[in-house]
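Have a look at the structure below, then the notes.
Quick caveat: nothing in here was measured; it's all calculated off a predicted structure.
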Amino acid sequence: MALIGVGLGQLLLQVLARPLGLPEFATTIAVMLGLGAGIDYALLVIARYREQVAAGDSPPDASAKAAATSGASVVAAGLIVMVAIAGLLAIGIPLIGKMGIGAAIGIAAVVVSSLTILPIMVGALARWLKPKKPEHVLPSRRFARWGEIITARPWVTILVGGLLMVLLAVPVSTMRLGQPDDGNQPTSNTQRQAYDQVSAAFGPGSNGPFLIAVDTSETDDPSAHLTTLEEALGGVDGVAAVLPAMPSADGQMATITLIPTTSPQDEATADLVHTLRDDTIPAAIEGTPLEAYVGGATAGFLDFSEKVSSRLPIFIVLVVGLSVLLLMAAFRSVWVPLVSAVLNVLSIGAADGLVTLVFQQGWGAGLVGADSGVPIVSFIPVMLFAILFGLSMDYNVFLLSRIREAHQSGDGPREAVVHGVSRIGKVILYAGLIMASVFLAFAAMPDVTAKMMGLGLGLAILIDVLVVRLVIVPAVVTLLGDSAWWMPRWLDRVLPNISLDGHEAAVLAAVRALVAP
């Protein structure tokens, strides 16, 4: 089902790529997310189907019940993923926004497959999907015991899990955004060989020269002013060479090429850009009619990083706010969505910290075939936030929907948590392992950007599943007690009701018609 969903998504992307101007990397992200999410969604629905068959339902009724309960969770989870990823449009950079659109299309395709193709496949393969023994789909004794342990002392559980998340997030304070250059490519690549030869012959800065555009339209003879500017540039620490200004044919501008002493991805090179823009150039052209601008690939990537950083708070508020509203509509609760959002942000911080630790500080970088001291690609933290916030909400919806179902069936707060964990804990664990495996496989790709995405997503899913969903969240819901499912009446009237209970006759009838022989 996941492969069919990914194939459908790729067909849509091929059709829409040119009209929407989608970047090529968008298809890679769509495959990555489609495979991981598609397998998870199918696993959730099939696990519920097998439970219903073991409970005595016929295959069509079991498939209908699974689609109306777990399928509803898939819809809610998929919507949150798409909202989070499409929220990249708020960054205001077309490249990032369009990557988000492409990824959202990929997720939408697997959600549609989960609701249409999967029930048909379940009906066709019902004979092989039936559990051999009822105990194979009964609540897990091990996860029930685990639920009892972590809910026995919820404060201790939360403190230990929260401290671990904070420690993993500490390296984020040293994160440096930038753009890896061809010096990070494998030594077998011709790009890396060319980079090394140019660096050896002309210095590392020759791989990323600055282009300084000077507006000379306000003066008839700019030569003296340009000479003064060239001398000022040549006297700055970190400048290896300044080539003579090249005037344009119409005399309206001139271009000065500056070679730094450090490589494009070096932190000193970024500092040099700021020095030239803030101090050197303004002082050199003061009192003259000239206007000068520092450009080139290195300066462009620096501007890109600063643009992303400046819009990040707006993006976070938008994504978190919309996701909380969707969760409130699904669970009819105020506290559960708010706590979920906070925990998701902690999980993402831990993932960013690990990416910084591996690529920038070099801890285990050789294990994934990367160099140490590599700056974090400018759009990686934003993409990780959007993707991980959405995907971690998947597991959040899966877990909380079963806890809420047990609570509405009459279980007390702690009993509902233990019951829910025993029912869905194994599915979440294996779904997380599957998705992490898909993402970590991309860490083996030669491109350093793909390595960062794959490793960051894979480790983050493992942290989210093993620490947040199976440790912290059950403890928090236990502490909240009955108030976990409280919502003010005025808010309950305003928000739409996205049912996860599976009691709507229309949903059941529609799915039965789809899977009927």
Side-chain angles (χ1 to χ4, degrees), residues 25 32 163-189 191-200 203-205 207-208 238 260-273 297-298 301-302 304-306 308-309 346-385 387-388 436-437 439-464 466-467:
F25 194 64
M32 190 186 302
L163 180 61
L164 176 61
M165 301 291 285
V166 171
L167 289 175
L168 291 175
V170 167
V172 172
S173 61
T174 63
M175 178 185 288
R176 178 170 63 89
L177 299 180
Q179 183 66 28
D181 52 38
D182 286 337
N184 301 119
Q185 298 286 345
T187 54
S188 58
N189 285 15
Q191 299 99 313
R192 173 64 181 273
Q193 294 169 11
Y195 179 95
D196 291 341
Q197 291 186 24
V198 171
S199 296
N207 283 293
T261 58
T262 50
S263 67
Q265 69 176 8
D266 198 298
E267 187 173 3
T269 308
D271 293 338
L272 179 59
V273 173
T298 303
F301 287 130
L302 181 63
F304 185 92
S305 301
E306 293 178 350
V308 170
S309 299
L346 273 178
S347 179
I348 293 164
D352 286 338
L354 286 174
V355 170
T356 304
L357 204 63
V358 172
F359 291 95
Q360 190 172 305
Q361 300 183 15
W363 288 40
L367 297 177
V368 294
D371 297 327
S372 61
V374 179
I376 308 305
V377 180
S378 306
F379 62 82
I380 290 291
V382 179
M383 293 295 296
L384 285 179
F385 183 94
I387 295 171
L388 291 176
S437 300
F439 291 151
L440 290 173
F442 283 81
M445 296 181 68
D447 182 66
V448 69
T449 302
K451 289 181 184 294
M452 287 186 186
M453 286 291 294
L455 187 68
L457 290 171
L459 293 178
I461 292 297
L462 290 177
I463 293 170
D464 189 79
L466 298 177
V467 180

What is the minimum heavy-atom distance between [X] and [Y], and which atoms define it?
X: Leu440; Y: Leu459; value: CD2-N, 4.2 Å
X: Pro260; Y: Thr269; value: CG-CG2, 4.4 Å
X: Asp266; Y: Ala268; value: OD1-N, 2.8 Å
X: Leu457; Y: Met32; value: CD1-SD, 3.3 Å
X: Thr261; Y: Pro204; value: O-CG, 3.4 Å
X: Tyr195; Y: Pro264; value: OH-CD, 3.9 Å

Can you confirm whether Val377 sits close enough to Met383 that some side-chain heavy atom of one is under 4.5 Å from a side-chain heavy atom of the other?
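In short, these two side chains do not touch, never coming nearer than 4.5 Å.
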
From [atom1] ([X]) to [atom2] ([Y]), nearest 0.5 Å:
X: Ser347; Y: Phe385; atom1: OG; atom2: CZ; value: 10.5 Å
X: Leu455; Y: Met445; atom1: CG; atom2: CE; value: 14.0 Å
X: Thr298; Y: Asn207; atom1: OG1; atom2: CG; value: 9.5 Å

Using distance only, find each side-chain donor-acceptor pair of residues 350-364 under 3.5 Å and give its atom names and separation, not counting sequence neighbours.
residue : atom : partner : partner atom : Å
Thr356  : OG1  : Asp352  : O            : 2.9
Gln360  : OE1  : Arg176  : N            : 2.8
Gln360  : NE2  : Thr174  : O            : 2.4
Gln361  : NE2  : Thr174  : OG1          : 3.0

Under the side-chain contact (heavy atoms from CB on, under 4.5 Å) criterion, do Leu168 and Ile463 qualify, and how do the steps go?
CA-CA 10 Å; Leu168 291 175; Ile463 293 170; 3.9 Å; yes

Can you name the side chain to side chain donor-acceptor pair (under 3.5 Å) partners of Ser305, sequence neighbours left out?
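Ser305 satisfies side chain to side chain donor-acceptor pair (under 3.5 Å) with Ser378 once adjacent residues are dropped.
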
